[in-house]
Amino acid sequence: EIINDTRTRITEVINEIVDNNKGKNICIVSHGTALSSYLLNHFELKIQGEEFHWFLNDEEVFNGFFNAPHIFKLVFDDNNSLIEFKNIRY
């Protein structure tokens with residue numbers, strides 16, 4: 001599957017899940033590549049050498065690679081815009 005197809009498909013699915021569950025806490029489990037492609041809708045990714053730096057609203061919120069499993073908390077506003085991101089360490 002082409003990464004752009006993955007991005008389109010997962011974006012549609014996550015938006016539908018978020019729309020149907022406003023005001024609720026939900027858990028979405030996904031493959032890292034699919035999730036990364038979705039996050040690029042909301043983040044700016046800067047690559048410096050071999051380091052990945054993820055920015056949300058000009059603030060670096062994550063750096064490095066996603067490990068399996070990786071847990072993130074995402075908070076959306078009523079327009080499905082990402083307003084909060086948290087890397088949950090376990």
Side-chain angles (χ1 to χ4, degrees):
E1 182 174 34
I2 298 170
I3 194 68
N4 288 337
D5 293 344
T6 301
R7 184 176 183 177
T8 299
R9 187 168 46 84
I10 194 163
T11 297
E12 290 172 356
V13 169
I14 290 178
N15 286 344
E16 181 180 344
I17 292 169
V18 171
D19 282 339
N20 292 332
N21 292 282
K22 293 214 182 281
K24 297 179 184 177
N25 294 323
I26 58 176
C27 177
I28 298 173
V29 179
S30 176
H31 186 276
T33 300
L35 183 58
S36 296
S37 68
Y38 171 76
L39 291 175
L40 288 172
N41 292 318
H42 302 280
F43 289 85
E44 179 182 359
L45 175 62
K46 295 181 181 178
I47 302 172
Q48 298 173 338
E50 295 185 14
E51 296 181 3
F52 286 60
H53 300 269
W54 296 80
F55 290 83
L56 178 63
N57 300 324
D58 296 323
E59 177 185 346
E60 185 174 18
V61 294
F62 184 78
N63 60 47
F65 297 99
F66 297 150
N67 297 319
H70 216 107
I71 302 170
F72 301 115
K73 176 184 176 184
L74 307 175
V75 178
F76 297 90
D77 66 13
D78 290 337
N79 298 315
N80 290 353
S81 294
L82 183 63
I83 58 172
E84 182 182 334
F85 173 88
K86 183 176 181 184
N87 178 24
I88 300 175
R89 300 191 185 270
Y90 55 94

Original post:
If you count the non-hydrogen atoms of other residues, nucleotides and ligands that lie under 6.0 Å from CG in Asp78, is the total more than 12?
Top reply: no
Subject >> For the student: nearest non-hydrogen atoms of Glu60 and Asn63, plus distance >> reply: OE2-CB, 3.2 Å
Subject >> Residue pairs involving residues 28-41 (criterion salt bridge (charged side-chain N to carboxylate O under 4.0 Å, His left out); sequence neighbours excluded) >> reply: none
Subject >> Sequence neighbours excluded - side chain to side chain donor-acceptor pair (under 3.5 Å) pairs with any residue from residues 38-47 >> reply: Arg7-Asn41, Thr11-Asn41, Tyr38-His42
Original post:
Should Val13 and Leu82 be counted in the same cluster of Ile, Leu, Val, Met, Phe, Trp and Tyr side chains packed under 4.5 Å apart?
Top reply: yes
**OP:** Evaluate whether atom CD1 of Ile2 has more than 12 neighbouring non-hydrogen atoms of other residues, nucleotides or ligands under 6.0 angstrom away.
**Re:** no
**OP:** State the CG-NZ distance between Asn87 and Lys73, to the nearest 0.5 angstrom.
**Re:** 13.0 Å
Subject >> Hydrophobic cluster membership, Ile88 vs Val29, 4.5 Å side-chain cutoff >> reply: no
Original post:
What is the distance from atom CG of Asp5 to atom CD1 of Ile10, rounded to the nearest 0.5 Å?
Top reply: 13.0 Å
Subject >> Flag side-chain contact, heavy atom, 4.5 Å: Leu45 against Leu39 >> reply: no
Original post:
Linking Ile, Leu, Val, Met, Phe, Trp and Tyr by side-chain heavy atoms under 4.5 Å, what else ends up with Val75?
Top reply: Ile83
Original post:
Are any side-chain N or O atoms of Asn79 and backbone N or O atoms of Ser81, one a donor and one an acceptor, separated by less than 3.5 Å?
Top reply: no
Subject >> Test of ring centre spacing under 6.0 Å for Phe72 and Phe62 >> reply: yes
Original post:
Leu74, Phe52: one ILVMFWY side-chain cluster at the under-4.5 Å cut-off?
Top reply: yes
Original post:
Mind checking whether Ile47 and Ile3 sit in one hydrophobic cluster, side chains of I, L, V, M, F, W, Y counted as touching below 4.5 Å?
Top reply: no
Original post:
Is there side-chain contact between Ile26 and Ile17, with at least one heavy-atom pair below 4.5 Å?
Top reply: yes
Original post:
Roughly how far, to the nearest 0.5 Å, is the CZ atom of Phe85 from the CH2 atom of Trp54?
Top reply: 8.5 Å
**OP:** Working to the nearest 0.5 Å, report the span between CD1 of Ile28 and CD1 of Ile14.
**Re:** 4.5 Å
Original post:
With Ser36, which residues qualify under side-chain hydrogen bond (donor to acceptor under 3.5 Å, both in side chains), at least two apart?
Top reply: none
Original post:
Can you tell me if Ser37 uses its side chain to pair, donor with acceptor, with the backbone of Ala34 under 3.5 Å?
Top reply: yes
Subject >> Results of side-chain hydrogen bond (donor to acceptor under 3.5 Å, both in side chains) for Glu51 - residues two or more places apart only >> reply: His53
**OP:** Could you list the residues that satisfy side-chain hydrogen bond (donor to acceptor under 3.5 Å, both in side chains) with Asn80, not counting sequence neighbours?
**Re:** Asp19, Lys22
